[in-house]
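Report on the structure given below.
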Number of protein chains: 2
Amino acid sequence: MNSLHPLRMTQQRRVILDELRNLTSHPTADELHLLVRKRLPKISISTLYRNLEILSASGLVRKMDVAGQRKRFDATTSKHYHIRCDKCGRVDDVHMDLIPTIEEIARSACRYESVSHRVEFTGICPHCAEDEPFERRDEL
Amino acid sequence: MNSLHPLRMTQQRRVILDELRNLTSHPTADELHLLVRKRLPKISISTLYRNLEILSASGLVRKMDVAGQRKRFDATTSKHYHIRCDKCGRVDDVHMDLIPTIEEIARSACRYESVSHRVEFTGICPHCAEDEPFERRDEL
DNA sequence: CTAGGTGCAAACACTTTGCATCGGG
DNA sequence: CCCGATGCAAAGTGTTTGCACCTAG
């Protein structure tokens with residue numbers, strides 16, 4: 001988790017972290033880039049990727065590899081499940097207890113070691129459910 | 001699930017499906033490409049991608065969007081959880097009961113509709129655990 | 001000062017697409 | 001026959017990297 005060299009707090013890194021902490025959403029690197037650019041117009045997308053990677057390695061940020069989607073980032077370090085909207089792609093926290101017991105079940109079922117788990121919910125978010133009662137946005 | 005036009009069973013499509021059914025693993029498109037090429041040397045990777053997409057849309061194949069990894073495919077249509085090896089990336093089935101009740105819990109916890117879920121286990125597969133008891137393959 | 005960070009552009013890995021041609025039903 | 005399927009190359013998408021310059025400590 002902690003690297004040998006303490007993090008150098010550059011302006012860019014500070015603003016990225018600050019903007020991420022002001023959000024309850026789970027932005028992708030380029031969504032966050034748009035926000036950060038309002039304060040640091042010249043910041044490049046690679047700085048976002050590099051810092052989000054470094055910050056998540058140092059435990060200040062949580063990186064979410066969403067199945068089949070782009071990475072999302074989150075300044076909350078506590079573990080929780082997420083739900084993704086099938087329509088608009090937004091990701092929200094799910095406030096429910098984790099079920100760590102299933103790791104033990106899985107471990108004995110498949111002979112893997114050091115088993116951890118993630119649960120990924122998907123569904124239709126309240127906003128999209130309202131917009132599209134007939135559930136056919138893309139297919140038209 | 002079913003399209004209006006019945007599937008045209010081309011040689012390529014038949015071989016792709018056949019090879020996939022002969023596997024218990026969950027190959028990526030290009031892993032399967034290598035296998036299929038032994039029987040159809042001229043088949044292109046785009047044909048693999050196109051067919052795997054079509055076959056999964058028609059329910060003959062299951063497409064797995066693994067978080068942060070490339071897509072994998074599976075000829076088993078029944079639902080089950082998977083576990084991925086953190087070292088080598090292989091994906092195995094986990095033979096345990098699904099926990100559909102958590103969908104209801106999540107639904108009431110976050111106001112989404114049509115909630116479904118997937119559980120993704122990760123760990124160290126038996127083979128890698130044997131190879132690397134000290135668990136530091138990449139970092140050297 | 002100097003190692004680590006930055007911006008830029010280019011490379012990358014994976015997947016999709018445009019198009020002329022092929023072939024299954 | 002004709003429309004969906006194919007092979008090829010080219011374009012996309014999201015992310016990472018090489019490099020010269022910059023800056024926090």
Side-chain angles (χ1 to χ4, degrees), chain A residues 2-20 26-58 60-73 84 89 91 138, chain B residues 2-20 26-34 36-58 60-73 84 88-89 91 138:
Chain A
N2 294 308
S3 57
L4 300 171
H5 317 285
L7 279 192
R8 183 183 289 190
M9 255 309 152
T10 60
Q11 205 178 164
Q12 290 88 332
R13 188 165 293 164
R14 190 188 339 277
V15 174
I16 288 170
L17 199 48
D18 186 51
E19 286 295 332
L20 193 53
H26 306 74
T28 59
D30 65 296
E31 286 166 357
L32 193 53
H33 187 209
L34 285 173
L35 283 173
V36 170
R37 266 219 259 215
K38 292 179 183 168
R39 290 166 62 182
L40 300 172
K42 298 197 60 183
I43 196 172
S44 77
I45 185 67
S46 44
T47 299
L48 269 284
Y49 278 113
R50 263 187 296 231
N51 275 303
L52 290 167
E53 206 57 50
I54 289 167
L55 291 168
S56 87
S58 74
L60 289 169
V61 156
R62 175 179 299 280
K63 175 171 64 170
M64 308 170 45
D65 275 338
V66 186
Q69 312 280 131
R70 42 177 126 160
K71 293 179 176 61
R72 289 178 177 270
F73 300 88
R84 173 169 48 84
V91 172
D138 317 306
Chain B
N2 294 308
S3 57
L4 300 172
H5 315 286
L7 279 191
R8 185 182 290 191
M9 258 308 153
T10 60
Q11 206 178 162
Q12 291 89 330
R13 187 165 293 165
R14 190 188 340 276
V15 174
I16 289 170
L17 198 48
D18 187 49
E19 287 294 332
L20 193 53
H26 306 74
T28 59
D30 66 297
E31 285 167 356
L32 193 52
H33 187 208
L34 285 173
V36 171
R37 266 217 259 216
K38 293 178 182 168
R39 292 166 62 181
L40 301 172
K42 300 198 57 182
I43 195 171
S44 77
I45 185 67
S46 46
T47 300
L48 269 284
Y49 277 113
R50 262 187 296 232
N51 276 304
L52 290 167
E53 204 57 51
I54 289 167
L55 291 169
S56 86
S58 75
L60 289 170
V61 157
R62 177 177 299 279
K63 176 170 63 171
M64 307 170 44
D65 275 338
V66 186
Q69 313 279 130
R70 39 177 128 159
K71 293 181 176 61
R72 289 177 177 272
F73 301 87
R84 174 168 49 83
C88 68
V91 173
D138 317 307

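Letters go in sequence order (proteins before strands), and every chain restarts at 1.
- Backbone-only contact: Ile43(A) has heavy atoms under 4.0 Å from sugar-phosphate atoms and none from a base.
- When rounded to the nearest whole Å, the span between CZ of Arg14(B) and C1' of dA5(D) equals 13 Å.
- dG14(D) atom P lies 13 Å from atom CZ of Phe73(A), rounded to whole Å.
- Salt-bridge check for Arg39(A) with Glu19(A): passed, with a basic side-chain N closer than 4.0 Å to an acidic carboxylate O.
- No donor-acceptor pair under 3.5 Å is formed between the side chain of His26(A) and the backbone N or O of Phe73(A).
- When the P atom of dT15(D) is taken as reference, atom CZ of Arg72(A) falls 10 Å away, rounded to whole Å.
- Regarding Ile54(A), its CD1 atom lies at a distance of 13 Å from the C1' atom of dT17(D), rounded to whole Å.
- Considering only heavy atoms from C-beta on, Leu20(A) stays 4.5 Å or farther from Val36(A) through its side chain.
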Quiz prompt | side-chain contact (heavy atoms from CB on, under 4.5 Å) evaluation trace for Asp65(B) with Gln69(A) | solution = CA-CA 8 Å; Asp65(B) 275 338; Gln69(A) 312 280 131; 5.6 Å; no
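- What separates CG of Leu7(B) from C1' of dG24(C) is a distance of 13 Å, to the nearest Å.
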Exercise. Any chance you could lay out the side-chain contact (heavy atoms from CB on, under 4.5 Å) test for Lys63(B) and Leu55(B), step after step, and finish with the verdict?
Key: CA-CA 9 Å; Lys63(B) 176 170 63 171; Leu55(B) 291 169; over 6 Å; no
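- Residues of residues 30-39 of chain A that place a heavy atom closer than 4.0 Å to DNA chain D do not occur.
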Exercise. Let me see the working for Leu52(B) and Leu32(B) under side-chain contact (heavy atoms from CB on, under 4.5 Å), right down to the final yes or no.
Key: CA-CA 10 Å; Leu52(B) 290 167; Leu32(B) 193 52; 4.0 Å; yes
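- Put simply, the side chain of Arg72(A) reaches to within 4.5 Å of the side chain of Glu31(A), judged on heavy atoms.
- With a 4.5 Å cut-off on side-chain heavy atoms, Val91(B) and Met64(B) count as touching.
- Residues Leu48(A) and Asp30(A) fail the side-chain proximity criterion, which asks for heavy atoms closer than 4.5 Å.
- Using a 4.5 Å heavy-atom threshold, the side chains of Val66(A) and Lys71(A) count as separate.
- Here Gln12(B) reaches the OP1 or OP2 of dG7(D): one of its side-chain N or O atoms lies under 4.0 Å away.
- Closest-nucleotide positions on DNA chain C for Asn51(A) and Gln11(B) were compared, and the one nearer the 5' end corresponds to Asn51(A).
- Rounded to an integer number of Å, the gap from CD1 of Ile16(A) to C1' of dG7(C) is 13 Å.
- If you find the closest nucleotide of DNA chain D to Met9(A) and to Gln69(A), the one lying nearer the 5' end belongs to Gln69(A).
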Listed pairs, N/O of protein and of nucleotides 16-22 of chain C, under 3.5 Å:
{"from": "dG18(C)", "atom 1": "O6", "to": "Arg50(B)", "atom 2": "NH1", "distance (Å)": "3.4"}

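- Considering only the side chain of Arg70(A), dT15(D) comes nearest among dG5(C), dT15(D), dT6(D).
- Put simply, the side chain of Arg14(A) gets close to the backbone of Met9(A): a donor and an acceptor are under 3.5 Å apart.
- Atom CG in Leu40(A) sits roughly 11 Å away from atom C1' in dT6(C) (whole-Å rounding).
- OP1 or OP2 of dG7(C) lies within a sub-4.0 Å distance of a side-chain N or O belonging to Thr47(A).
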What pairs of nitrogen or oxygen atoms, one from the protein and one from nucleotides 20-23 of chain D, lie under 3.5 Å apart?
{"from": "dT23(D)", "atom 1": "O2", "to": "Arg8(A)", "atom 2": "NH1", "distance (Å)": "3.2"}

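- Partner of Asn51(A) under the side chain to side chain contact (heavy atoms under 4.5 Å, CB included) criterion, chosen from Leu60(A), Ile43(A), Ile16(A), Leu7(A): Ile16(A).
- OP1 or OP2 of dT6(C) sits under 4.0 Å from a side-chain N or O of Thr10(A).
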